[in-house]
Amino acid sequence: MSNLTFTMIKPDAVRNGNIGNILQMINNAGFRIVAMKYTRLSLDQAGKFYEVHKERPFYGELTEFMSSGSIVAAILEKENAVADFRTLIGATNPAQAEEGTIRKKYATSIGENAVHGSDSDENALIEGAFFFSGLERF
Ligand code: ATP
Ligand code: MG
């Protein structure tokens, strides 16, 4: 099992001024930052990143939203990183997210849900490599 996961602070959370609050929650939960950057996805890049959802009805909305403003992308390290980070962020729909989770606190809707978290070790590696070269990891 890998000890890495990948996250993005999504455009809604950046716009709402929640970068610092979310990074603090990540830090307090025991994750170490391996790589991080402030950047913005083009529509095309957002489409590639979320290619697995291509056939879903919300794909257009999702890729437009994810390219609508800047994001923070990061690789995080912790034992059991993928599962523990999914617990920290909470359910996709903030209405169903547990108290104390990042999405419960900062997400506004199922589409604009503040953070991304990898759903498997395999995808964590693929997603990390989408944003970061070996020279950008510490
Ligand atoms: P993410 O992959 O961003 O961490 P997730 O794994 O909780 O989120 P997915 O099923 O992978 O959820 O969906 C990817 C993203 O697509 C969601 O985070 C959300 O922004 C958007 N999305 C999912 N379902 C819907 C929906 N029914 N309507 C609008 N947007 C949706
Ligand atoms: Mg997902």
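Order of listing sets the numbers, starting from 1, for every ligand and every atom in it. What you see is a predicted model; the values in this text were computed from it and never measured.
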request  = Just let me know how Ile110 lines up against ligand 1, side chain, backbone, both or neither, with a heavy-atom cut-off below 4.0 Å.
outcome  = both

query = Hey, what do you get for CZ (Phe49) to CG (Leu62), rounding to the nearest 0.5 Å?
reply = 9.5 Å

ask   = Of all the heavy atoms in Asp119, does at least one lie under 4.0 Å from an atom in ligand 1?
value = no

ask   = Glu77: what forms a salt bridge (Lys or Arg N to Asp or Glu O under 4.0 Å) with it, not counting sequence neighbours?
value = Arg32

remark   = atom 14 (C) of ligand 1 has as its nearest protein heavy atom His53 NE2, 3.5 Å

message = Quick check on contacts: which atoms of ligand 1 are under 4.0 angstrom from a heavy atom of His116?
response = 1 (P), 2 (O), 3 (O), 4 (O)

key: Nearest-0.5 Å distance that lies between atom CZ in Arg103 and atom CG in Asn113   = 4.0 Å

query = What part of Met8, side chain from CB on, backbone N/CA/C/O, both or neither, has a heavy atom under 4.0 Å from ligand 1?
reply = neither

message = Heavy-atom distances under 4.0 Å decide this one: backbone, side chain, both or neither, for Met66 against ligand 1?
response = neither

task = Measure from atom 29 (C) of ligand 1 to every heavy atom in Phe58, Phe65, Phe85 and give the option owning the shortest one.
result = Phe58

query = Within a radius of less than 6.0 Å around CD of Glu98, do more than 12 heavy atoms belonging to other residues, nucleotides or ligands occur?
reply = no

query = Does a donor on one side chain sit under 3.5 Å from an acceptor on the other, for Lys78 and Asn3?
reply = no

query = Considering only heavy atoms, does Glu61 approach ligand 1 within less than 4.0 Å through its side chain, its backbone, both, or neither?
reply = side chain

query = Is the distance between the ring centroids of Tyr59 and Tyr50 under 6.0 Å?
reply = no

request  = Any chance you could measure Ser120, atom OG, to Arg86, atom CZ, to the nearest 0.5 Å?
outcome  = 9.5 Å

key: Numbered atoms and elements of ligand 1 in range of Asn113, under 4.0 angstrom, heavy atoms   = 17 (C), 18 (O), 19 (C), 20 (O)

query = With only distance considered, is Thr92 within less than 3.5 Å of ligand 1 through an N or O on each side?
reply = yes

request  = Nearest heavy atom to atom 8 (O) of ligand 1 wins, so pick from Arg56, Lys10, Arg103.
outcome  = Arg103

note = Restricting to heavy atoms, the pick from Gly90, Gly111, Ala114 nearest atom 30 (N) of ligand 1 would be Gly111

request  = Heavy-atom distances under 4.0 Å are what count here, so tell me which part of Tyr50 touches ligand 1: side chain, backbone, both or neither.
outcome  = side chain

Taking only distance into account, with no hydrogens and no angle test, what donor-acceptor pairs under 3.5 Å do side-chain atoms of residues 18-28 form with protein atoms, sequence neighbours excluded?
| from | atom 1 | to | atom 2 | distance (Å) |
| --- | --- | --- | --- | --- |
| Asn18 | OD1 | Asn21 | ND2 | 3.1 |
| Asn28 | ND2 | Gln24 | O | 3.4 |

